[in-house]
S.K.: 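Okay, here's the structure, questions in a sec.
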2 protein chains.
Amino acid sequence: MNPNDARASRSRRALLDASLELLLQKPTASLSEVAAHAGVGRATLYRHFDTRDKLVCAITLDSLGAIQSVVQPILDEELSAEATLTRIIGAIVPLANQYHFLLSLWNIGADDPQVMEIYNQQLASLFELVERGKSEGWIKPSLNSRWIVTTIDSLIYSAWWMLGQGEMTEDEVTTHILDTLFSGITKK
Amino acid sequence: MNPNDARASRSRRALLDASLELLLQKPTASLSEVAAHAGVGRATLYRHFDTRDKLVCAITLDSLGAIQSVVQPILDEELSAEATLTRIIGAIVPLANQYHFLLSLWNIGADDPQVMEIYNQQLASLFELVERGKSEGWIKPSLNSRWIVTTIDSLIYSAWWMLGQGEMTEDEVTTHILDTLFSGITKK
DNA sequence: CCGCTATGAGACACACTTGTACCATAGCAG
DNA sequence: CTGCTATGGTACAAGTGTGTCTCATAGCGG
């Protein structure tokens, strides 16, 4: 498949986007449904992705790349842990779909080594950021760092859910995540 | 199927427990796998649950019942919102499996009216509790109550995840949930 | 103990999904 | 414009899950 051919790259993009959206709310969707949802023929799907696993793997890498490309520049600015985490969360909320897809991935079972390497790497940099927040005296040292990382993921899941419900806007969920994560739900 | 027959109720219980455990980590598991995991024949599964949907529905009702039976007594004590929520979370953590199954339910699509009624009812009582927390001057009125309810769910998901990883004990995750939820991850 | 009932094992038809192959056609690139 | 290539539609084979049925047997309740 020549990536310079406009038709091919258009199909590939449509398939990746449609798969993400559809498999997110219906993980058992058949490839016929996926193809239909992308507006391409089923045969075309198979021309781009040999098997179902390859497709899922491609979506994952695509999502990881999208997140990496917004997170990395923020990390490179080398600001305080607080400023960095604040910006990262603000940047990831618009990618809540992609992020949630990755979270639900352990469920499917990611055996692809390349995926796991990038995934673990991203997890590690978040872990590192939390540790830095502790050493900067910003984050409670009493809380397990892995717990905090997991909690950040969960809050983004909450954001994804609320956005999907149409209950809140992106800006609202972003401030809610930050407020809840940093100072909790109680007054004072 | 006579519920007074020890064989039947034993099979039913084994099927419900095994299904919860297996479908949680592999939602696409076949009914053959489920039956094998429960240690009963596939035919027996079908004798107890006509279709796959009926089985999922039964697990859901079973889990809802288990949660209801620990939550209701706490609500009946009519303590402060803070004390009530603290106790509820402590009581639900041991049922994290059941709770998580329910959370992943919207994904499958719960079209059963009975399930949705009980589910919405439980969600409503949690919402009410949060509202009460606000009027008692305990919870920030600036936060969307539905957001808080969703966040509580997410934190229990975090707890389920950490427990599954073997990273923390039940007691640890309980205090972590309360600490994080009530006062956030930052110092002071 | 005895009768009844739930169970296990297997066979079976049916529907669906997957992955492959083929062919005519529409659309891109040069 | 022309040749090449991606596409859509379809047909096909193999595998799998689903739900039903039957029959001999093990185990419960009375």
Side-chain angles (χ1 to χ4, degrees), chain A residues 1-60 62 101 104-105 107-112, chain B residues 1-60 62 101 104-105 107-112:
Chain A
M1 225 49 32
N2 182 358
N4 295 327
D5 190 317
R7 294 169 294 177
S9 54
R10 212 186 309 135
S11 293
R12 183 184 160 83
R13 192 68 255 153
L15 281 166
L16 287 174
D17 292 340
S19 307
L20 177 70
E21 190 180 311
L22 186 58
L23 294 181
L24 211 44
Q25 53 179 351
K26 190 181 172 185
T28 62
S30 71
L31 296 189
S32 306
E33 294 176 273
V34 171
H37 195 253
V40 306
R42 193 171 70 96
T44 299
L45 190 157
Y46 278 103
R47 284 186 192 103
H48 285 270
F49 308 100
D50 293 350
T51 69
R52 187 194 185 88
D53 286 344
K54 290 275 182 64
L55 172 62
V56 172
C57 186
I59 306 170
T60 306
D62 192 61
F101 186 85
S104 60
L105 197 132
N107 227 337
I108 322 239
D111 12 79
D112 186 88
Chain B
M1 236 30 49
N2 183 357
N4 294 327
D5 190 317
R7 293 168 295 174
S9 54
R10 210 188 309 135
S11 293
R12 182 183 162 84
R13 193 67 254 155
L15 282 166
L16 287 175
D17 292 341
S19 307
L20 177 69
E21 190 181 311
L22 185 58
L23 294 181
L24 212 44
Q25 54 180 347
K26 190 181 172 186
T28 61
S30 71
L31 296 189
S32 305
E33 294 176 272
V34 171
H37 195 254
V40 305
R42 195 171 69 97
T44 298
L45 190 157
Y46 278 101
R47 284 188 192 102
H48 284 270
F49 309 100
D50 292 350
T51 70
R52 187 193 185 90
D53 286 344
K54 291 276 182 63
L55 172 63
V56 173
C57 185
I59 305 169
T60 307
D62 192 60
F101 186 85
S104 62
L105 195 133
N107 228 337
I108 322 241
D111 10 81
D112 187 88

S.K.: When you measure from the side-chain N and O atoms of Thr44(A) to the phosphate of dG8(D), is any distance below 4.0 Å, counting only OP1 and OP2?
M.R.: yes
S.K.: Output the residues of residues 30-38 of chain B in contact with DNA chain D, where contact means a heavy atom of the residue under 4.0 Å from an atom of the strand; sort by number or write none.
M.R.: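 Here the set is Ser30(B), Leu31(B).
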S.K.: Give the angle between the helix axes at the two ends of the helix from dC1(C)-dG30(D) to dG30(C)-dC1(D), taking five base pairs at each end and rounding to 10°.
M.R.: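 It works out to 50° between the end axes.
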S.K.: Per the salt bridge (charged side-chain N to carboxylate O under 4.0 Å, His left out) rule, what does the pair list look like for residues 36-50 of chain A, sequence neighbours excluded?
M.R.: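 Qualifying pairs, neighbours excluded: Asp50(A)-Lys54(A).
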S.K.: For a 4.5 angstrom cut-off between non-hydrogen side-chain atoms, does Leu55(B) reach Leu31(B)?
M.R.: yes
S.K.: Using residues 34-41 of chain A as the side-chain source, report each donor-acceptor pair under 3.5 Å to any protein atom, sequence neighbours left out, with the distance given to one decimal.
M.R.:
none

S.K.: Reading nucleotides 20-30 of chain D 5' to 3', which nucleotides get B (base under 4.0 Å from a protein heavy atom), which S (sugar-phosphate only), which -?
M.R.: B-B---BBSS-
S.K.: Taking salt bridge (charged side-chain N to carboxylate O under 4.0 Å, His left out) as the test, write out the residues that go with Asp17(A), two or more places apart.
M.R.: Arg13(A)
S.K.: Working to the nearest 0.5 angstrom, can you tell me the gap between Cys57(B) SG and Asp62(B) CG?
M.R.: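 It is 11.0 Å, given to the nearest 0.5 Å.
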S.K.: Quick one: pull up OG in Ser30(B) and CZ in Arg52(B) and give me the separation to the nearest 0.5 Å.
M.R.: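 So the gap between those two atoms works out to 7.5 Å.
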S.K.: Quick one: list whatever passes side-chain contact (heavy atoms from CB on, under 4.5 Å) with Ala29(B), sequence neighbours left out.
M.R.: Leu22(B), Leu23(B), Lys26(B), Glu33(B)
S.K.: Can you sort out the partners of Ser9(A) under side-chain contact (heavy atoms from CB on, under 4.5 Å), two or more places apart, ordered by chain and number?
M.R.: none
S.K.: Say you draw a straight line from CD of Gln25(A) to CG of Leu20(A); how long is it, rounded to the nearest 0.5 Å?
M.R.: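 That separation rounds to 10.5 Å.
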S.K.: How close do Thr44(A) and Leu15(A) get, counting heavy atoms only, and between which atoms?
M.R.: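 So the minimum-distance heavy-atom pair works out to O-CD1, 4.5 Å.
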S.K.: Looking at residues at least two apart in the chain, or sitting in another chain, which of them share a side-chain contact (heavy atoms from CB on, under 4.5 Å) with Asp5(B)?
M.R.: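 Testing Asp5(B) for side-chain contact (heavy atoms from CB on, under 4.5 Å), a comparison that skips the adjacent residues, returns Asn2(B), Arg7(B), Ala8(B).
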S.K.: Where does the chain A footprint on DNA chain C start and end, counting 5' to 3' with a 4.0 Å heavy-atom cut-off?
M.R.: dT17(C) to dA29(C)
